[in-house]
Amino acid sequence: MTDPKTNKLLQVTGLTKSFGGIKALQDMSLDIKAGELVALIGPNGAGKTTFFNCLTGMYQADHGQVQLKGNLLKGLKPSEITQVGIARTFQNIRLFDQLTVIENVLVGCHASLQSTFIDAIFRTTRHKEEEEEAKEKSYQLLEKLNLLQHAQSKADSLPYADQRRLEIARALATEPKLLLLDEPAAGMNHSETAELDQLILQLKEEFGLGILLIEHDMKLVMKISDRIFVMDRGAGIAVGTPSEIRANKKVIAAYLGEEIEEDAGAENA
Ligand code: ATP
């Protein structure tokens, strides 16, 4: 699962991206081990989503490099990056609304199928076997994400929290090594967020995933992250464990302010 030389799953070095005069990313370097959950936090406009977009090939960075298990990802298209092992969810949910829940997950499975277009046309044995396996895998994922009862419903008929979990199921169907979650708790209530905590930790354990998490819910971030990477104006300003970040004056000034002290107080109460 990792680069045998460095023991790193993801290594990002010097990533830089500008939009006209806006420096959205400035010399960003970050690494993640397999089985590690790193949160990426920072104020609005800090560059978090741009970072995800550069990792997943939606944007080409101006400078810098991204390696997954020691392999450079330069110039790969988003679909190729999915195939090498990076999957993501989106801040604004992007499901296939008119497909059913199970069909949405099957779309994710097809990213890793071996059979060709010709196999599909002639319905070869290989194609049929793979389709069966994909179906079985999709149902298992729905069960894991507590969505089995909705398998035949249209994706857009699901409550918001279920749609967010469906996006995670679809991402997992591509068999990623690294999962990028963009604000998975946005729009969820307290109990839904608490369930999400547990789910993310369970998935990390079970699949040995590296996870990079963008999230504004600091309680969630502090509870489940192994490390936290803080961005401000396109650059990294601090990295450390939740307790190190909570005590970091630079971070408090740039972003966390009183919010974090309140959370810490609540946890200690
Ligand atoms: P938020 O927490 O609000 O989602 P963010 O940390 O994800 O913010 P980004 O969305 O990455 O921040 O934006 C970083 C900067 O880059 C912002 O100034 C934004 O306006 C700019 N930006 C992002 N994408 C584009 C684009 N496609 N074209 C022009 N500017 C962009």
Side-chain angles (χ1 to χ4, degrees), residues 10 12-32 37-66 73-79 81 86-95 160-161 163-164 167-168 171 178-188 192-193 196-197 200 210-225 227-240 242 245-246 248 250-260 262-263:
L10 177 78
V12 180
T13 322
L15 215 62
T16 299
K17 175 77 183 170
S18 295
F19 300 103
I22 299 170
K23 288 186 172 165
L25 297 179
Q26 305 187 53
D27 200 21
M28 281 279 294
S29 297
L30 165 70
D31 51 58
I32 300 185
L37 195 161
V38 177
L40 192 59
I41 66 170
N44 290 333
K48 304 178 296 292
T49 300
T50 303
F51 189 67
F52 270 23
N53 286 337
C54 287
L55 294 189
T56 53
M58 290 178 81
Y59 294 158
Q60 292 300 321
D62 303 329
H63 302 286
Q65 61 181 35
V66 180
L73 303 189
K74 199 169 174 59
L76 297 187
K77 290 185 280 196
S79 58
I81 289 186
I86 301 182
R88 75 177 290 182
T89 66
F90 291 88
Q91 190 174 344
N92 306 313
I93 297 173
R94 294 193 195 176
L95 291 167
Y160 197 71
Q163 291 194 26
R164 286 223 171 269
E167 262 211 322
I168 297 176
L178 177 71
L179 178 63
L180 310 181
L181 298 173
D182 198 344
E183 296 197 36
M188 288 191 178
E192 288 164 347
T193 306
L196 185 71
D197 287 3
I200 293 174
I211 298 181
L212 188 57
L213 167 77
I214 297 177
E215 185 51 65
H216 286 285
D217 183 330
M218 279 309 118
K219 226 174 181 166
L220 174 75
V221 165
M222 292 292 163
K223 193 165 159 198
I224 67 174
S225 305
R227 281 188 300 144
I228 299 174
F229 188 97
V230 190
M231 289 182 75
D232 190 26
R233 282 173 261 181
I237 59 165
V239 60
I245 292 301
R246 189 178 274 157
N248 186 312
K250 209 159 141 192
V251 176
I252 294 171
Y255 179 50
L256 295 175
E258 286 164 11
E259 184 182 2
I260 199 66
E262 279 166 21
D263 277 350

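Worth saying up front: this structure is predicted, and the values here are computed from it rather than measured. Values below: every heavy atom of this structure, side chains too, minus hydrogens, waters and symmetry copies. Whatever order the structure lists ligands and atoms in, that order sets their numbers, starting from 1.
- Between Y59 and F19, the gap from one ring centroid to the other is short of 6.0 Å.
- You'll find the side chain of E183 stays beyond 4.5 Å of the side chain of T49, heavy atoms only.
- Residues L55 and L212 are in side-chain contact: their nearest non-hydrogen atoms beyond the backbone lie under 4.5 Å apart.
- One finds the CE atom of M28 at 11.5 Å from the OG1 atom of T13 (value rounded to the nearest 0.5 Å).
- Classification of R227 and D31 as a salt-bridged pair holds, one side-chain N sitting under 4.0 Å from a carboxylate O.
- The CD atom of Q65 sits 13.5 Å away from the SG atom of C54 when rounded to the nearest 0.5 Å.
- Listed by chain and residue number, the protein contacts of ligand 1 are F19, I22, A24, P43, N44, G45, A46, G47, K48, T49, T50, Y59, Q91, H216 (heavy atom within 4.0 angstrom).
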